[in-house]
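Some notes on the structure that comes next.
Remember, it's 1-based here, ligands and their atoms both numbered in the order they're listed. Quick caveat: nothing in here was measured; it's all calculated off a predicted structure. What's counted below: heavy atoms across the whole structure, side chains too, no hydrogens, waters or symmetry copies.
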Amino acid sequence: MKKLVAANWKMNKTIEEAISFVKEFKKIIKNEKNAEIIICPPFTALAALSKELKNSKINLGAQNMHFEDAGAFTGEISPLMLKDIGCKYVILGHSERREIFNENDFLVNKKIIAALKHGLKPILCIGENLEQKNQGKTKEVIEQQLKNCLKNIDKNEISKITIAYEPVWAISRGNPNHKAATKEDAEKGHKFIRGVVEKMFDKSISKNIKIIYGGSMKPENAKELLSMPNIDGGLVGNASLNAKSFAEIISCAN
Ligand code: 13P
């Protein structure tokens, strides 16, 4: 299966910085055929990058959206608008949206349904936080998130969804020295997620769904994480802000 590697820039980069990243990145990226590459800049840089990425193999994604098409929702962006600007992907249910902006599984589920309706491919983020991990609740939390977020999703639509397993305790929050999950722990989580998807849908869906890892992925650990059997790619925060290190991570995906 072709790996999927996505950059989540979070609240970083001006338009000028985003363009200069892409110009450099396009020059240095090597085996881009080995991976599906996605860049998710902040909303303000989407238009500029949409132009900059035209005729390239690099896809554009957003970091969030509202579930309605239009209306009185001050400060929100709709799936129609993301399509209009050239997005193919949208990250939904990131732990930062859940923790800081109080998003819950039910809202995330509505967003996934809306994204699919408009032909956007959702990257659904799930994962336990440190407290849940320490209480031994990892599996329970992951299973509940999957059940709630994928509720009422048509079987035929599941292949358009990528699941990102992001153990919250492994997310760098901008600290380049933060520790990722070990490849064994990450693999265990991914395998469990695949099993839950099989229980919810069927074996062929669970075999084919992409499950990517997020949490302090960087050039130093990308190869070992990406070589695990159930890890189909990465959702990269901090290390995706630098064109060289993001390109290096992609070169680890074969
Ligand atoms: P880091 O790579 O900075 O840990 O961020 C991971 C993440 O949250 C990607 O969505």
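For atom 3 (O) of ligand 1, the nearest protein heavy atom (residue, atom name, distance) is Ser172 OG, 2.5 Å. At the shortest separation from atom 7 (C) of ligand 1 among protein heavy atoms lies Glu166 OE2, 3.1 Å. When only non-hydrogen protein atoms are considered, atom 2 (O) of ligand 1 lies nearest to Gly237 N, 2.8 Å. Here the heavy atom of the protein found nearest to atom 5 (O) of ligand 1 is Lys10 NZ, 3.2 Å.
Residue Lys139 qualifies as open at atom NZ: its count of foreign heavy atoms under 6.0 Å is 12 or below. For Lys2, the NZ atom is densely surrounded, since the number of other residues' heavy atoms within 6.0 Å is greater than 12.
Of the residues listed (Lys3, Arg194, Lys210), the one engaging Asp232 in a salt bridge (charged side-chain N to carboxylate O under 4.0 Å, His left out) is Arg194, and it is the only one.
Under a 4.0 angstrom heavy-atom cut-off, Ser216 registers as being in contact with ligand 1.
Ligand-side atoms of ligand 1 in range of Asn238: 1 (P), 2 (O), 3 (O), range being under 4.0 angstrom from any heavy atom. Ligand-side atoms of ligand 1 in range of Gly215: 4 (O), 6 (C), range being under 4.0 angstrom from any heavy atom.
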Q | Evaluation steps, side-chain contact (heavy atoms from CB on, under 4.5 Å), between Cys149 and Ile112 | A | CA-CA 8 Å; Cys149 295; Ile112 292 177; 4.2 Å; yes

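By the criterion of a heavy-atom distance under 4.0 Å, neither the backbone nor the side chain of Lys218 is placed next to ligand 1. Residue contacts with ligand 1 for Leu235 involve both N, CA, C or O and side-chain atoms from C-beta outward (heavy atoms, distance under 4.0 Å).
Of the candidates Glu96, His94, His178, the one placing a heavy atom closest to atom 8 (O) of ligand 1 is His94.
Between Arg173 and ligand 1, no N or O atom pair is found at a separation short of 3.5 Å.
Note: Tyr165 and His190 have perpendicular aromatic rings, judged against thresholds of 30 and 60 degrees for the angle between ring planes. Between Trp9 and Phe21, the angle of the ring planes goes over 60°, which puts this pair in the perpendicular group of the 30/60° scheme.
Using a 4.0 Å cut-off between a side-chain N of Lys or Arg and a carboxylate O of Asp or Glu, Asp105 and Lys147 do not qualify as a salt bridge.
When side chains are defined from C-beta on, Phe246 counts as touching Val5, because their heavy atoms get closer than 4.5 Å.
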